[in-house]
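The next block holds one structure in the form of structure tokens; read it before the comments.
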Amino acid sequence: MGVTVDVHEVFKYPFEQVVASFLRKYPNPMDKNVISVKIVEERKDVSTGIIYRKRIAVCQNVVPEILRKVNILKVPNIQLEEESWFNPQERNMAIRSHCLTWTQYASMKEESVFRESMENPNWTEFIQKGRISITGAGFLNCVLESFASAFLRQGVQKGIRIMEMLLEEQCGAPLAE
């Protein structure tokens with residue numbers, strides 16, 4: 001089956017400021033589930049100017065304690081891999097992330113884009129599509145997907161609030177029309 005989440009948000013800040021805030025977003029006291037984020041690879045294509053980054057995030061296992069009775073869910077931490085392609089000339093950044101934990105039972109993938117807003121060049125659009133599917137957990141597939149769906153939706157809203165807070169702290173009030 002699977003669960004999907006689609007997000008479209010406009011940050012009323014310039015592209016460069018939004019991307020800089022995104023890259024500094026975690027760890028953050030507003031989301032204690034993200035323990036660490038480490039850049040494991042970074043390179044710049046000199047011909048295009050595109051900066052490629054691969055980061056690994058370590059997050060606390062947020063699966064409810066009752067479900068952790070199932071042996072495979074007992075891990076203390078979950079690892080996520082994020083790859084990004086920052087194109088300063090075209091003013092966009094594409095991001096792909098996926099879960100490195102439980103790959104034999106679950107698939108979590110997100111694709112996101114930050115780009116200059118067509119509505120206002122001083123604003124930045126954020127578009128994200130995410131999908132989680134659980135397999136191999138028998139009757140728990142639906143239960144875990146329901147939990148994942150609720151957690152993802154809450155996480156997206158929390159992530160947007162954190163971005164808005166960071167942007168306001170670092171850049172001041174949002175830009176008007």
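The residues of the chain are indexed from 1 along the displayed sequence.
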**Asked** Does Ser117 use its side chain to pair, donor to acceptor, with the backbone of Glu125 at less than 3.5 Å?
**Response** no
**Item:** N/O donor-acceptor pair under 3.5 Å between Tyr13 side chain and Gly172 backbone
**Value:** yes
Closest approach of [X] to [Y] (non-hydrogen atoms, all atoms of both residues):
X: Glu168; Y: Pro174; answer: OE1-CD, 4.5 Å
X: Asn92; Y: Arg115; answer: CB-CB, 4.0 Å
X: Arg91; Y: Pro121; answer: NH2-O, 3.6 Å
X: Ser36; Y: Pro27; answer: CA-CG, 4.3 Å

Using 0.5 Å steps for rounding, measure from the [atom1] atom of [X] to the [atom2] atom of [Y].
X: Met108; Y: Leu152; atom1: CE; atom2: CG; value: 7.5 Å
X: Lys54; Y: Lys38; atom1: NZ; atom2: NZ; value: 13.0 Å
X: Leu80; Y: Glu110; atom1: CG; atom2: CD; value: 8.0 Å
X: Glu164; Y: Lys12; atom1: CD; atom2: NZ; value: 10.0 Å
X: Trp85; Y: Ile95; atom1: CH2; atom2: CD1; value: 9.5 Å
X: Tyr26; Y: Glu82; atom1: OH; atom2: CD; value: 10.5 Å

**Item:** Lys/Arg N to Asp/Glu carboxylate O, Glu111 vs Lys129, below 4.0 Å
**Value:** no
**Asked** Charged N to carboxylate O under 4.0 angstrom, Arg55 versus Glu42?
**Response** no
**Message:** Please identify which of these residues, Val34, Ile39, Ile35, meets the side-chain contact (heavy atoms from CB on, under 4.5 Å) condition with Val37.
**Reply:** Val34
**Gln128 versus Ser112, side-chain donor and acceptor atoms under 3.5 Å** = yes
**Request:** For the pair Met163 and Glu9, evaluate side-chain contact (heavy atoms from CB on, under 4.5 Å) and give the outcome as yes or no after the intermediate values.
**Result:** CA-CA 11 Å; Met163 285 288 294; Glu9 184 74 22; over 6 Å; no
**Request:** Please work out which of the three classes, parallel, tilted or perpendicular, describes the rings of Phe126 and Phe11, given edges at 30° and 60°.
**Result:** tilted
**Prompt:** What's the verdict on salt bridge (Lys or Arg N to Asp or Glu O under 4.0 Å) for Glu81 and Arg96, showing C-alpha distance, side-chain angles and the deciding distance?
**Reply:** CA-CA 8 Å; Glu81 180 182 84; Arg96 272 197 322 236; over 6 Å; no
**Asked** Thr103 and His98: side-chain contact (heavy atoms from CB on, under 4.5 Å), yes or no, with the steps?
**Response** CA-CA 9 Å; Thr103 56; His98 65 273; 5.9 Å; no
If you group Ile, Leu, Val, Met, Phe, Trp and Tyr by side-chain heavy-atom gaps below 4.5 Å, do [X] and [Y] land in one group?
X: Val5; Y: Phe22; answer: yes
X: Val40; Y: Leu100; answer: yes
X: Phe114; Y: Leu23; answer: yes
X: Leu167; Y: Val19; answer: yes
X: Ile50; Y: Met93; answer: no

**Check against side-chain contact (heavy atoms from CB on, under 4.5 Å), Asn61 and Trp102** = CA-CA 11 Å; Asn61 184 351; Trp102 300 317; 3.8 Å; yes
